[in-house]
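In what follows, every chain begins at residue 1, and chains take the letters A, B, ... in the order their sequences are listed. Everything numeric here is computed off the predicted structure, so don't read it as measured data.
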Protein chains: 2
Amino acid sequence: MTRFHQSVTTDIVIFTISDEQLKVLLIKRANEPFKDQWALPGGFLFEKEEPDKAVVRILWKKVEIKDVYLEQLYTFGSSGRDPRGRIITISYFALTPKDKIKIVVSDKVQTPTFRSVKQLPDIAFDHNRIITYALQRLRSKLEYTNVAYSLLPQYFTFNQLQRTYEIILNKKLDKRNFRKKFILLGLIKPTKKVLKGERQRPAKLYQFISRKPTELKKFF
Amino acid sequence: MTRFHQSVTTDIVIFTISDEQLKVLLIKRANEPFKDQWALPGGFLFEKEEPDKAVVRILWKKVEIKDVYLEQLYTFGSSGRDPRGRIITISYFALTPKDKIKIVVSDKVQTPTFRSVKQLPDIAFDHNRIITYALQRLRSKLEYTNVAYSLLPQYFTFNQLQRTYEIILNKKLDKRNFRKKFILLGLIKPTKKVLKGERQRPAKLYQFISRKPTELKKFF
DNA sequence: CCAAAAGTGTTGACTGTACACCCATGT
DNA sequence: ACATGGGTGTACAGTCAACACTTTTGG
C-alpha cells in the first residue's frame, strides 16, 4: 500500500479565569504565514512523536506551562485553513487556575497573553473557530463533569466556585440552589480553613474530594 | 520552521441495526500487518486530501457505501497502536439503516461483514478500542440528539424506533413513557400510512420531521 | 454602625417513572 | 377463537426554580 506524507500540527486552547473573565492564551506569531498576528500556541509534530506528547512539549516550550488539565478536542484538516495548503491540526484544550501560571517574557516565548474570550483580536488561521469549539466543549463539560477543579486553586470558597460557573456559562445562578446541588453531588467537602481578611464575614474553604476527571449522572 | 512528514490514516466505525442487534462493519485485511485479520475499514490519506473527503472515498472504495451519517470521533496516535510505528488515525463513526446497504462481494471489496458488537472477533490494531469509543459516543448522542433517524428507514413504527433505542442502550424502555416523551419532543410526526400485513393490528408509520442532526435540551 | 458578602428553607411547578388493560388484525 | 404486537392514562415521587432575611466580619 502506498503511503503518503502529511504535515501534522497541534494547536492548544488554554483557558483560565482571571479578573472575572474567561481568558484564552494567545501568542504573537514569530514566522510567516500570519507573522506578528495573534494565534493559538501550537506547532508541528516531530516525526514519530505522539500527539499527546507533542502537546506537552509545545506547552512547555512556547508558554512554559505544565501539569494542566488536557483533553483532545477535534482534528481540523480542510484545505482552506492554512495558506500553505492542507495542514492537519489536532486541537486540544487545557484548563489551569491562573495562579499556576507565571508567563515569562523572553526572546524564546512570543509574548503569550491571556485575552478575554469576549474581546478577541484578529486571529490567524481558523483559530477563531477552534476557540469557539473549545468553548462549547468547556461549557458542556462543566455541566456533566467535575472539570471545574482544574480552574480553581486547591482551597476555594463557594462563591469562587459559583463565579467560575457563572463566568463560563455566562449567566447568573441562584446561590441557594447552587449550594444545594453541589453539596448533593458529593464532589466537594468543607475544610476547617476559612478565608479571613476580606472586609466581610469569613467564608468556609472547600476542596474537591477528587481532582481527577469524573463524569456525573445528572447536572445543571 | 521545520516541517516533519507523517503518515495519517482514517478508520471508520460503521454501525447498523439488523436482526435485533447493533452491528459493526468489519473487513478482512488484504495486506500486512494483520493480514487476513478483521479490522475496521480505513486507509491512508492521500497527499493534500481533506480527512472528511478521504472518509467518503474510502467508504465507497472499500465497502461501497455512501450518503450515511458521518461524524469525526477522535484522533489516535500512540506509538503502540500500529507495528509500523506511530501512525496517526483520525477515526470516524457512521450510521446507516441496514436496507440502504448492499454489500457486494467481489475482489475489490474485502468481504465486508456486519458483526454484532456483542460478539466481536479478534480485531487488528487498536480497533477494538475505537469501536468501544464509538459505541459510547453513539449512546450519548442518542440521548441528546435525533441521530436515530440515520439508523431507521424513512417510515417506521413506534416499535421500531423504541427497539432501536433499546438495542443500543441495552435496556428495556417503557412503551407508554417512550411514546409520551418522543411525541412531546416534537421530532417525529405521524403519517397517513400504516404497516399492514403483519399478523397483528397494523401500526401507524411515523417519520422524522427533520433528517438533519439536531440537538435537544433534555432527553432520556 | 455600616457595608459587604456568607449562609440558610420552603413552596409550587414540572418531569420522570411505574403500572394494566383493551384493540385490530392475520391465521 | 386465539395469538400478536398496537395503542392508551393516571398517580406518586423526585427534581428544579423562585424567592428574602439574618449573620459575621472589617473598616
Next item on the list: Among residues two or more places apart or on two chains, list those pairs meeting side-chain hydrogen bond (donor to acceptor under 3.5 Å, both in side chains) that have a residue in residues 193-206 of chain A.
Entry: none
Check: Rounded to the nearest Å, what distance is computed from the NZ atom of residue A/K181 to the P atom of nucleotide D/dG14?
Finding: 18 Å
Item checked: Atom-to-atom span, CZ of A/R179 to C1' of D/dA17 - whole angstrom -> 18 Å
Margin query: My understanding is that only residues two or more places apart in sequence, or in another chain, count here; which of them pass side chain to side chain donor-acceptor pair (under 3.5 Å) with B/Y92?
Written below: B/D52
Note to self: Classify the ring geometry of A/F208 against A/F182: parallel below 30°, tilted from 30° to 60°, perpendicular beyond 60°.
What the structure shows: perpendicular
Next item on the list: Answer with yes or no whether the side chains of B/T16 and B/T96 bring together a donor and an acceptor at under 3.5 Å.
Entry: no
Next item on the list: Can you tell me the distance, in whole Å, between the CZ atom of A/F156 and the C1' atom of C/dA6?
Entry: 16 Å
Checklist line | Whole angstrom value for the distance that separates P of D/dT8 from CZ of B/F182 | finding: 17 Å
Item checked: 5' precedence on DNA chain D between A/L184 and B/Q160 (nearest-nucleotide basis) -> B/Q160
Notebook entry, point to check: Any chance CZ of A/R211 has more than 12 other-residue heavy atoms, nucleotides or ligands included, within less than 6.0 Å?
Noted result: yes
Checklist line | Minimal non-hydrogen separation, B/H127 against B/D11, with atom names | finding: NE2-OD2, 3.2 Å
Check: D/dC19 C1' sits how many Å from A/K172 NZ, rounded?
Finding: 14 Å
Item checked: Rounded interatomic separation in angstrom, taking CZ from A/F158 and P from C/dA4 -> 24 Å
Next item on the list: Would you mind reading off the distance between A/K204 atom NZ and D/dT24 atom P, rounded to a whole angstrom?
Entry: 12 Å
Next item on the list: If a protein heavy atom is under 4.0 Å from the base, mark B; if only from the sugar-phosphate, S; if neither, -; do that for nucleotides 18-27 of chain C going 5' to 3'.
Entry: BBB--BBBS-
Next item on the list: Take the protein atom CZ of B/F178 and the nucleotide atom P of C/dT15, then report the distance between them rounded to whole Å.
Entry: 19 Å
